[in-house]
Amino acid sequence: MKELPKTYDFKASERKWKEAWEANKTYAFDRKSNKPVYSIDTPPPTVSGKMHIGHSFSYAHEDFIARFHRMRGKNVFYPFGTDDNGLATDRLVEKTKKVKAKSMKREDYLSLAHRTVQEILPGFIEDWKTLGMSCDFTNPYSTISEAVQKASQKGFLELHKKGLVYRKETPVSWCPHCQTAIAQAEFENVDMTSHFNDIIFKSGAEDLIVATTRPELLPACVGLFYHPADERYQHLKGSFAKVPLFGHEVPIIADETVAMDKGTGLMMCCTFGDKEDIEKWHKYDLPLRVVITKDGRMNETTGTYAGTTLKEARNAIKEDLEREGLLISSKPITHPVNVHERCGTDIEFLNTYQWFVNVLDHKQALIKAADDIDWHPPHMKTRYVHWVENLNWDWCISRQRHFGIPFPVWYTNDGDVILPREEQLPIDPLTDRPAGHQGELIPEHDVIDTWATSSLTPQLALGWADNNPLFKKAFPMDVRPQAHDIIRTWAFYTITRGVYHEKKAPWKHIMISGFVLDPKGNKMSKSRGNVINPQDVMDKYGADALRYWAAGSKLGDDQPYMEKDVQTGAKTVNKLWNASRFALMQLADYDGTKPKALLATDKWMLSKLQRIIKESTATYESYEYAKAKSLVDNFFWNTFCDHYLEIIKDRIYNPSTRGEDAKRSAQHALHRSLQTILKLFAPIMPYVTEEIYSYAYAKDEKDSIHTSDWPAYEEKLMDEAAEQSGDALTEVVNHVRRKKSEANVSLKTPVTTLALPRALQKALRPVEEDLKAVTNAQTITYEGDELAIELGEQEKK
RNA sequence: GGGCCCAUGGUCUAGUGGCUAUGACGUCUCCCUUACACGGAGAAGGCCGCCGGUUCGAGUCCGGCUGGGCCCACCA
């Protein structure tokens, strides 16, 4: 057995194994194998920057589980992909190349975008490899690739065939900055300061005071509303009011949804300020007055305000109102505003043609599907259910952008939808034509929302669009790992596609990670300046240490990032190295020969080992890697290092007095327990365990701990009597150590007499020799009920 | 306003109703014992948020309160 170098060089080791695993295809999925498949619906990270600390946290969690199942003998299907067709990537291209997609020729922008993605991808993926992800990186998918375009378009065609998508002109949430429609799930609530303005509308000779935060929408006003029970406004029933500055007449209508105590109890309905406006517009069949352009400016119908931004218009209109004496007051307020999560721009509502996936009519089925999935932790299911229950809009999947997967759709002049044949996919209607169709066609310009593609990750990874037999075999997949922020998007959309295409939930389990917070428990963000880069952490402490930290909190819990916890990880790596180095030194002459008899202490060790195997297997099995980690951790530091290694030193150092077989017994148990500990730690700390394994246990260069068998629990090694002996032994050792510590003497100080209670005699007899050695006791006696020791002189140097 | 989660020594945390409440970091004392000082042996430090209830027994179950976090709604 080779000796380990004195120190562990994590940088060299991690670099070496990262390359070796790739070269040896250690984690490649075996398509020919008969082993049961364990399939993971890996999140494809959004290509919009570098891996952040939250990524390293949740990706580590799923990798623990992947590695565990691989060692348990499963054929682990663990693909890797990147999500690079969405608005986030689009914006990254605009930012890094300093261009504006909308002001470029479509072809030019697309080729620039594709080129940029290709430039970024290799470096982007590298971070995940460095973290020690055991994905199959041989053929990563990209959501903008042709194969994925084909699958996504096929998915669209199938939904169309089933009548689950539709196109409609309707008010839809719109981002004026990105100039595209967005979905409800892409909203973010932000508290903003604004003003609550009391404005005078004239109704005949009467002044009506209307409170609004959005005076710039006055030209879009199409009605005034009051509550039917509001005493103040009963006389207005059926009358009209004149909109200040703009002069058009609008009806005054009573509606129960109006809150009497808000503002003046009189509210204006504009097309469109918010969801309420849209509902009233529909309900009372009010006219449409469009005043906002797609890039968030006032349009030509607003006269002198045309061309100004909404903010400029707001101020200008307020000034004009004031000059006319129509602005009574303007009070500052703070109120929540929906903004686009990607760019922080206020969301507007524009009446446009969009494609929608019908989800509102299928809420029950989508909620029921959640019952077929095991949620880890279970309460995350509640979040999903509440989101689905409270949905207000169908899923808008069309985006008015250049970059993305095109809708495979044309329209006739009569507005009929023309679709291609499946064999034609992938297709771009702007440059292609549907097979066998004559006549004039209008191509769809829009692209498909990136979530409408990433919601198909199980299908994409398993080759659904190419009729790969793996799809039938492995769908539903075993597990979806993800963080809790995208339950309402990715989890929800993927479940929707599973139900719509295959009539079932897309996975058996879902494991949901929490968030990484700063040391004070605050969210990390660039604006707060409290962001930690995982690249820096790995550079300083190694990927194993970072992973060890990530294993410190249970699934679903948010975890504050504290450097000291990573340091604890680095210490554990170091300890594991040194303990292994020591063990391998003691095993230098071990040839595998079995001892004639195992000593009680060694039986104790092996019996304790079985317990740890059993418990950690069960906890990993139930996705509780944090519990598994702490079990193994405590066992390793305490039972193995502090006690067992100390106890067997004497037998290994002094075979002449203790006997060759006593040494062999220790070596046997040591060899076995070290191997087990390495394996139990392997999912958490893949690099250092692989490095040690390669010295001590690997059969050849390609033999990896990560494809070795998970330790089997062996009932026959459970030994009640040996455990009692060993436990009594460690108890006495602790007592002696305490006494020596209290006496401020070195632990090697001899004990002239170790007087033990008679009750312990039976348990201690079998381990007496080890006890003597480890406590450095000269005489052991059994008398009375008390444990007493007499210390000798400390040896001089 | 609705919902979900959380509340344990200075900090972070384990804890499936039952013997002296886990561990880590920090603090203090001692020990450089031929794997490791990134180590070892110890010590101090807790009305387990508050109030009730169930129970022979509650950190653990139930109800209420208080304080945090998150999600959703509220945008007139």
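Since this is a predicted model, take the numbers as computed values, not measurements. Below, read A as the first sequence line, B as the second, and so on, with proteins coming before strands; counting in each chain starts at 1. Basis for what follows: all heavy atoms, side chains included, without hydrogens, waters or symmetry-related copies.
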Roughly how many Å is it from NE2 in A:His386 to P in B:G1, rounded to a whole number? 18 Å
Atom C1', compared across B:C6 and B:C48: separation rounded to whole Å: 14 Å
What nucleotide among B:A41, B:U29, B:C38 has an atom nearest to a side-chain atom of A:Leu747? B:A41
Select one nucleotide: of B:C31, B:G39, B:A35, the one nearest the side-chain heavy atoms of A:Trp637. B:G39
Find the partner of B:G63: check Watson-Crick (N1-N3 plus N6-O4 or O6-N4) and G-U wobble (N1-O2, O6-N3) distances, both under 3.5 Å, and reply none if neither fits. B:C51
I'd like the C1' distance from B:U22 over to B:G15, given in whole Å. 7 Å
A:Asn390 (side chain) donor-acceptor with A:His386 (main chain) under 3.5 angstrom: yes
Testing B:C74, B:A35, B:C38 for proximity to the side chain of A:Lys571, the answer is B:C38
How far, in whole Å, is B:G69 from B:C30 if one measures between their P atoms? 44 Å
Is the shortest side-chain heavy-atom distance between A:Phe187 and A:Ile347 below 4.5 Å? yes
Would A:His61 and A:Ser513 count as having a side-chain donor-acceptor pair, cut-off 3.5 Å? yes
Nearest-Å distance for atom pair CG/P, residues A:Leu555 and B:C4: 20 Å
Between B:C36, B:A14, B:C71, which nucleotide has the shortest distance from any of its atoms to the side chain of A:Asp557? B:A14
Quick note, A:Asn189 side chain, CB onward, closest among B:A41, B:A24, B:A73 is B:A73
Are any of A:Gln567's side-chain N or O atoms less than 4.0 Å away from OP1 or OP2 of B:C12? no
To the side chain of A:Lys262, which of B:A73, B:C74, B:U34 is closest? B:C74
Please check: side-chain N/O of A:Asn530 versus main-chain N/O of A:Lys523, any donor-acceptor pairing under 3.5 Å? yes
When the C1' atoms of B:U13 and B:A7 are considered, how many whole Å apart are they? 12 Å
Pick the P atom in B:U16 and in B:G49, then give their distance to the nearest Å. 15 Å
For B:A35 and A:Lys649 - does any side-chain N or O of the residue sit under 4.0 Å from the phosphate oxygens OP1/OP2? yes
Watson-Crick/G-U partner (both atom distances under 3.5 Å) of B:A43: B:U27
Tell me if a side-chain donor or acceptor on A:Asp394 pairs with a main-chain N or O of A:Val359 at a distance below 3.5 Å. yes
Answer yes if the side chains of A:Lys627 and A:Ser622 hold a donor-acceptor pair under 3.5 Å, and no otherwise. no
Whether A:Asn734 contacts B:G42 is assessed here as follows: a side-chain N or O lying under 4.0 Å from the phosphate OP1 or OP2. Is that the case? yes
Value in whole Å for how far the C1' atom of B:U34 lies from CG of A:Asp650: 14 Å
Strictly by Watson-Crick or wobble contacts shorter than 3.5 Å, is anything paired with B:U16, and which nucleotide is it? none
Whole-Å distance between B:C31 C1' and A:Glu646 CD? 13 Å
Looking only at atom C1', what distance separates B:U55 and B:C71, rounded to whole Å? 36 Å
A:Lys575 has its side chain closest, among B:C25, B:C5, B:C36, to B:C36
For the side chain of A:Asp642, counting heavy atoms from C-beta on, which of B:C25, B:A35, B:A41 is nearest? B:A41
From the set B:G42, B:C74, B:A14, return the single nucleotide nearest to any side-chain atom of A:Lys275. B:C74
Spacing of A:Ile512 atom CD1 relative to B:C4 atom C1', expressed in whole Å: 13 Å
Taking only the C1' atom of each, what is the distance from B:U27 to B:G9 in whole angstrom? 12 Å
Could you tell me whether the side chain of A:Thr689 and the main chain of A:Leu678 form a donor-acceptor pair under 3.5 Å? no
Looking only at the side chain of A:Lys748 (C-beta and beyond, no hydrogens), which of the listed nucleotides B:U33, B:G42, B:G3 gets closest? B:U33
P atom, B:A14 versus B:C74: distance in rounded Å? 35 Å
With a 4.0 Å cutoff (strictly under), does any side-chain N or O of A:Asn744 reach OP1 or OP2 of B:U29? no
Once you round it to whole Å, what is the distance between C1' of B:C71 and CZ of A:Phe492? 15 Å
Across all strands, who's sitting opposite B:A37 as a Watson-Crick or G-U wobble pair, both distances under 3.5 Å? none
